[in-house]
Number of protein chains: 2
Amino acid sequence: MNNGRFAIALHILTLLDKANGELLSSEYLAGSININPAMVRKELINLRNNGFVQSKEGKNGGSSLAISANEIALGAVYQSVKQTALLGSQKNTPNPKCPVGENINEHLNNLYNDTELVLIEQLSKQNLADFSSKFN
Amino acid sequence: MNNGRFAIALHILTLLDKANGELLSSEYLAGSININPAMVRKELINLRNNGFVQSKEGKNGGSSLAISANEIALGAVYQSVKQTALLGSQKNTPNPKCPVGENINEHLNNLYNDTELVLIEQLSKQNLADFSSKFN
DNA sequence: TCATTCTGTAATTATTTTTATTACAGTACA
DNA sequence: TGTACTGTAATAAAAATAATTACAGAATGA
């Protein structure tokens, strides 16, 4: 997928883990990542939908982890932000009159799926707690 | 990396393998992939630089595999087209004043590198001959 | 030798994807 | 009821990718 969102999501999660339940505002998170608070909020929507974080609106609001850091496998984080296939582009419209062109998408998809499975497995050897513990 | 180039490269290589040494023109290749011949030539430059194919200029020219299809591991094809890190974006400039921001790139890079290694290993379980044999 | 058919490559443009920005309604608190 | 947040949409900007055009140079063969 090659997605800057993976880095952002993991960055947010790491900060939330370090905060130990204290609510962090999107502005604060954005400050550490060095991006716009609105971007952080967008990513938080996704992290919330995946059950990783919870947010509180209004004054003194902010976000915190919704589950324990060792329940968040990095592979799950990857899956939550991935939008396109690992190696493919969305548009691939080969010539169906050619025997290779006709079938290559099927074979590529099989290859991508198998590969992605292994990738997720590998990422999941670490969970958020493991990752976060690498920081002081 | 998430690169349409992987699909294009593999498509080209598969066609060349099927051609059994016969020279195929960039126009012919482009016809099967359904892209512009100039794009094919660009990708051929890369495939040539990696020793996978050879081309002949001039009339009746074209390209063919430079080595046997079972010497071309799919992981090597991936490596030849990859330009950005597997999961990262080029620009990631977190706030160095934050202990997490300061070190996250190092940890992300380690994670990406380990993951990519596994990915290449997985892809390399198949070589071009294996892949190509899936087509009639 | 010279027209033809290719590749090699650069320059340019177009398209798509990603990221950033702005804005403001809604919510919670004190 | 003012303040400090989130939620979300709309828009714009930037970056990455893909496509197109163009033409010089190479090999062939009539």
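Note that the coordinates shown come from a computational prediction; the quantities given were computed from them, not determined experimentally. Below, each value reflects all heavy atoms present in this structure, side chains not excepted, and no hydrogens, waters or symmetry copies.
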In whole angstrom, give the distance that lies between atom [atom1] of [X] and atom [atom2] of [N].
{"X": "L29(B)", "N": "dC6(C)", "atom1": "CG", "atom2": "P", "value": "12 Å"}
{"X": "R5(B)", "N": "dA19(D)", "atom1": "CZ", "atom2": "P", "value": "13 Å"}
{"X": "E27(A)", "N": "dC5(D)", "atom1": "CD", "atom2": "C1'", "value": "10 Å"}
{"X": "Q54(B)", "N": "dG8(C)", "atom1": "CD", "atom2": "C1'", "value": "17 Å"}

Just list the side-chain donor-acceptor pairs under 3.5 Å for residues 20-28 of chain B, sequence neighbours left out, or say none.
unit_1	atom_1	unit_2	atom_2	d
S25(B)	OG	E27(B)	N	3.4
S25(B)	OG	Y28(B)	N	3.0
S26(B)	OG	R41(B)	NE	3.0

By side chain to side chain donor-acceptor pair (under 3.5 Å) - contacts of [X] (at least two apart):
{"X": "S133(A)", "answer": "none"}
{"X": "N127(A)", "answer": "none"}
{"X": "K125(A)", "answer": "Q122(A)"}
{"X": "Q126(B)", "answer": "none"}

* **Ionic contact status for K134(A) with E106(B), cut-off 4.0 Å** =>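 No salt bridge links E106(B) with K134(A).
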Show each protein N/O and nucleotides 21-25 of chain C N/O combination with a separation under 3.5 Å, one pair to a line.
unit_1	atom_1	unit_2	atom_2	d
dT21(C)	OP2	N36(A)	ND2	3.2

* Taking OP1 and OP2 of dT6(D), is either one under 4.0 Å from a side-chain nitrogen or oxygen of S26(A)? -> yes
Pairs: protein N or O with nucleotides 2-5 of chain C N or O, under 3.5 Å:
unit_1	atom_1	unit_2	atom_2	d
dT5(C)	O2	K59(B)	N	3.0

Between side-chain atoms of residues 46-54 of chain B and protein atoms elsewhere (two or more places apart, or another chain), which donor-acceptor pairs fall under 3.5 Å?
unit_1	atom_1	unit_2	atom_2	d
N46(B)	OD1	N50(B)	ND2	3.2
N46(B)	ND2	E43(B)	OE2	3.1
N46(B)	ND2	S80(B)	O	3.0
R48(B)	NH1	S55(B)	OG	2.8
N49(B)	ND2	I45(B)	O	3.3
N50(B)	ND2	N46(B)	O	2.8

* **Proximity to the side chain of K56(B) - top-ranked nucleotide from dT6(D), dT28(D), dA28(C)** => dT28(D)
* Check each residue of residues 43-53 of chain B for a non-hydrogen atom within less than 4.0 Å of any atom in DNA chain C, then write out the ones that pass by number, or none. =>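 Those residues whose heavy atoms fall under 4.0 Å from DNA chain C, taken from residues 43-53 of chain B in numerical order, are I45(B), R48(B).
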* Keeping to residues at least two apart or across chains, list the salt bridge (charged side-chain N to carboxylate O under 4.0 Å, His left out) pairs with something in residues 52-76 of chain B. => none
* Report whether L117(A) and L123(B) are members of the same hydrophobic cluster (ILVMFWY, side-chain heavy atoms less than 4.5 Å apart, transitive linking). =>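 Shared cluster, no.
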* Please list all pairs passing the ring pair (Phe, Tyr, Trp, His ring centres under 6.0 Å) test where one or both residues lie in residues 114-136 of chain B, with sequence neighbours left out. =>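 Counting only pairs at least two positions apart or across chains, the ring pair (Phe, Tyr, Trp, His ring centres under 6.0 Å) contacts touching residues 114-136 of chain B are H107(A)-F135(B), F131(B)-F135(B).
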* Share the residues that join V118(A) in a hydrophobic cluster, the rule being Ile, Leu, Val, Met, Phe, Trp or Tyr side chains under 4.5 Å apart at the heavy-atom level. =>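 Result for V118(A) is V118(B).
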